[in-house]
Asker: 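Structure incoming, see below.
To find a chain, count down the sequence lines: A is the first, B the second, and so on, and within it residues start at 1.
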Amino acid sequence: MTDSRIALVDVNSFYVSCERVFDPSLEGRPVVVLSNNDGCVVARSNEAKALGIENGTPWFKLAADADRIGLVAKSSNYELYGDLSERCMRLLSRYGSAQEIYSIDESFLTLSGTPEEQHRTAREIKRVVARNTGLPVCVGVAPTKTLAKFMNRIAKQNAHLGGVCTYDTMPPGDTENIMSRVPVTGIWGIAGRLGKRLNGIGIFTVADLKASDPVAMRKKFSVVLQRTILELNGIPCIPLETERASKEQMIFSRSFATPVTTAARMREVMSLYAQQAAIRLAKDEQQAAIMTCFAGTSHFNEKASSFPSATVKLPGPTADPVILTKAAVAALDGQVYDGVPYARAGVMLTGLSPAGAQPQLPSFATAHEEKNIGALLGKVMDRYGTAAIGLGRAGMTVAPDWQMKRERMSPRYTTEWDDLPVVRAN
DNA sequence: GGGACATAG
DNA sequence: GATTCTATGTCCC
């Protein structure tokens, strides 16, 4: 048998593993990586999972006990993770006739050959990624994406499999056995809400779902669930997306380290966020037609509740930081009040199109629009930091106090010359 | 077409 | 005292 199959390669505890690549002393210890603003746990090592620490736990609830239980927390370092991700994805691309980069730490690959050959390829992938990047991965191989995800999960949870699990080489009885024991929420696309509704009609395990009638389930639930059921039965319904579709919307939003309580400060925030959004537009080679600006108080603050937002139509599709910044600064005018403790804010861009798709008539383009300032801002900030340059921030030479907290961040070893690791030889 | 909701990583 | 960010898809009006 030489059917083509799908491999799902996933880095174990990706963010934690990235931290460990550069700090081997973290090996074997409970480690968590925190969200932006050092808010809550977004990645855990197995040792941290074993301590019962859940994803989403606020750091302030763990901090006091951290030393006592030997828990290490790191601020998230997306420069580092993004760079290691790229290296990893480039390596993986060698091993499949097609590749879908599904997330920062996951790729689907198309494998050919016999099941035994595919299993050997999967083992080689694991070996080569470990040797070339230092990152541990697990690989699941199966006829459909949903089954590949499931096989990957089995590989992760059963150390004796050596991090690789292939549907076609597993004794069918073993697979059925596992499926009849894993809760239905162990399947890709089924989380709490749907899980509860399924339990309500007697579907508790993966095996129960697999045995259900896809047509009836589509009527009762959704087309998504029907596809999942068919995929569990080996019928591919979810195609490999080898071309990254261009984004439909772009959001830049952040929580503040300390609340923003004045309209004047909020204008500063909007100005900086709009510039970050412009930089991303330039990187994606896109332009936007509509901008929504929003701010909000903390959802945990019941006394002050305010969620201002405003949508403005831009003069035409644009990626120009000058236009975007002016629009953002003006958008929330009159809706943000002094004295209200805003906890977060953001800029959303919609109506996106490829840059240059609708070339503007020269008479409508402003002088600065043609100069692609967004890309320039991005390059300067990449090299000299975000404080080095900016529009309309006269005198703002130090980071404002609302800027997000990253108190426990490791150096950006691979993307900052000044953060290069130091090697000592005795 | 748009808001609410669900899901994922 | 403190609780991420981003993107997509479906349902339903």
Asker: Using the salt bridge (charged side-chain N to carboxylate O under 4.0 Å, His left out) criterion, which residues pair with A:Arg87? Sequence neighbours excluded.
Answerer: A:Asp83
Asker: Between A:Gln226 and A:Ser222, is any side-chain donor less than 3.5 angstrom from a side-chain acceptor?
Answerer: no
Asker: Centroid separation under 6.0 Å, is that true for the rings of A:Tyr78 and A:Tyr15?
Answerer: yes
Asker: Spell out protein contact along nucleotides 1-9 of chain B as letters: B when the base is contacted, S when just the sugar-phosphate is, - when no protein heavy atom is under 4.0 Å; keep the 5' to 3' order.
Answerer: -----SSSS
Asker: At under 4.0 Å between heavy atoms, how does the protein contact nucleotides 4-13 of chain C? Give one character per nucleotide, 5' to 3', with B, S or -.
Answerer: BSSSB-SS--
Asker: Test of understanding: with salt bridge (charged side-chain N to carboxylate O under 4.0 Å, His left out), list the residues that count as partners of A:Arg68, not counting sequence neighbours.
Answerer: A:Asp65
Asker: Under a 3.5 Å cutoff, is there a donor and acceptor pairing between the side chains of A:Ser103 and A:Asp105?
Answerer: yes
Asker: Holding to ring-ring contact (aromatic ring centres under 6.0 Å, His included), I want the full list of residues that pass it with A:Tyr95, two or more places apart in sequence or in another chain.
Answerer: none
Asker: Taking B:dT7 as the reference, what is the distance to C:dT4 when you measure between their C1' atoms (whole Å, please)?
Answerer: 16 Å
Asker: Taking the inter-plane angle between the rings of A:Tyr102 and A:Trp188 on a 0 to 90° scale, is it parallel (under 30°), tilted (30 to 60°) or perpendicular (over 60°)?
Answerer: perpendicular
Asker: Of all residues at least two apart in sequence or in a different chain, which pass the salt bridge (charged side-chain N to carboxylate O under 4.0 Å, His left out) check with A:Lys405?
Answerer: none
